[in-house]
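Read through the structure below, which is laid out as structure tokens, and then see the notes.
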Amino acid sequence: QVQLEESGGGLVQAGGSLRLSCTASGRTSSGYAMGWFRQDPGKEREFVGAISWSGGVTYYADSVKGRFTISRDNAKITVYLQMSSLKPEDTAVYYCAAQMTYKYDRGSGYATSSFLYDYWGQGTQVTVSS
């Protein structure tokens with residue numbers, strides 16, 4: 001099992017920045033790609049971004065491309081989501097998730113699907129005020 005814990009959520013003004021962190025523990029030695037998803041009440045879970053185990057392959061949703069950056073530090077087994085130019089519509093609970101590398105390596109169709117992720121964190125609230 002892999003346990004994930006998010007941190008860094010909070011309240012920010014539109015146009016501001018926020019950095020989310022997700023630390024993994026447990027059986028992580030086999031290697032996992034990491035993704036970020038978000039969800040607001042009444043909406044389906046939305047893909048935000050993902051990064052491969054090596055850090056060399058990333059994907060972003062069109063809605064956040066150019067504003068959000070995902071990165072990871074495998075020594076700390078931590079993945080980050082740097083968010084800038086935040087908009088009120090970015091308000092949501094943000095979740096990090098882990099996906100076995102063999103699935104991520106299939107391509108974006110696998111990397112962006114919430115149904116294909118193996119482990120999930122509990123989420124952290126991000127609220128952007130106008």
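Note that these values count all heavy atoms, side chains included, but never hydrogens, waters or copies made by symmetry. Everything quoted here is computed from the prediction, not taken from an experiment.
Across Tyr119, Tyr32, Tyr117, Trp53, a single residue satisfies side-chain contact (heavy atoms from CB on, under 4.5 Å) together with Gln99, and that is Tyr117. Just one of Leu18, Asp90, Leu11 meets the side-chain contact (heavy atoms from CB on, under 4.5 Å) condition when paired with Val128; it is Asp90.
Atom OH of Tyr104 is separated from atom CG of Asp118 by 14.0 Å, given to the nearest 0.5 angstrom. Once rounded to the nearest 0.5 Å, the distance linking OG of Ser113 with CZ of Arg106 reads 13.0 Å. A distance of 7.0 Å separates OG in Ser85 from CZ in Arg67, rounded to the nearest 0.5 Å. Interatomic distance, OG1 of Thr124 versus CH2 of Trp36, reported as 7.5 Å (0.5 Å rounding). Atom CZ of residue Arg38 and atom NZ of residue Lys43 lie 8.0 Å apart, to the nearest 0.5 angstrom. Atom OH of residue Tyr94 and atom CZ of residue Phe37 lie 13.0 Å apart, to the nearest 0.5 angstrom.
Taken together through direct or relayed side-chain contacts under 4.5 Å among Ile, Leu, Val, Met, Phe, Trp and Tyr, Phe47 and Val64 form parts of separate hydrophobic clusters. Both Leu81 and Val2 are assigned to one and the same hydrophobic cluster, defined by single-linkage of ILVMFWY side chains at heavy-atom distances under 4.5 Å. Linking ILVMFWY side-chain heavy atoms closer than 4.5 Å, directly or via other members, places Tyr59 and Leu116 in two distinct hydrophobic clusters. In this structure, Phe68 is a member of the same hydrophobic cluster as Val12, with clusters built from ILVMFWY side-chain heavy atoms closer than 4.5 Å.
Because its NZ or CZ atom is both nearer than 6.0 Å to the ring centre of Tyr80 and within 45° of the ring axis, Arg19 counts as a cation-pi partner of that residue. Both cation-pi conditions hold for Arg45 and Tyr95: the charged atom is under 6.0 angstrom from the six-membered ring centre and inside a 45 degree cone around its axis.
At a threshold of 4.5 Å between non-hydrogen side-chain atoms, the residues Glu46 and Glu44 do not count as touching. With a 4.5 Å cut-off on side-chain heavy atoms, Thr91 and Gln125 count as touching. Contact annotation: the side chain of Cys22 approaches that of Met34 to within less than 4.5 Å [non-hydrogen atoms, C-beta and beyond].
Heavy atoms only, all atoms of each residue included: Ser17 and Gln82 are closest at CB-NE2, 4.0 Å. Across all their heavy atoms, Ala24 and Leu4 have their closest contact at CB-CD2, 3.6 Å. The two residues Ser52 and Ala33 come nearest to each other via the heavy atoms CA-CB, 4.1 Å.
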Run the side-chain contact (heavy atoms from CB on, under 4.5 Å) check on Ile70 and Tyr60 step by step: do they pass?
CA-CA 9 Å; Ile70 190 170; Tyr60 295 97; 3.3 Å; yes

Can you list the steps and then say if Gln122 with Glu5 is a side-chain hydrogen bond (donor to acceptor under 3.5 Å, both in side chains)?
CA-CA 7 Å; Gln122 79 289 342; Glu5 182 177 0; 5.6 Å; no

What do the steps show when you test Val126 against Leu20 for side-chain contact (heavy atoms from CB on, under 4.5 Å), and what is the final call?
CA-CA 9 Å; Val126 173; Leu20 305 183; 4.0 Å; yes

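With sequence neighbours excluded, the residues that form a salt bridge (Lys or Arg N to Asp or Glu O under 4.0 Å) with Lys65 are Asp62.
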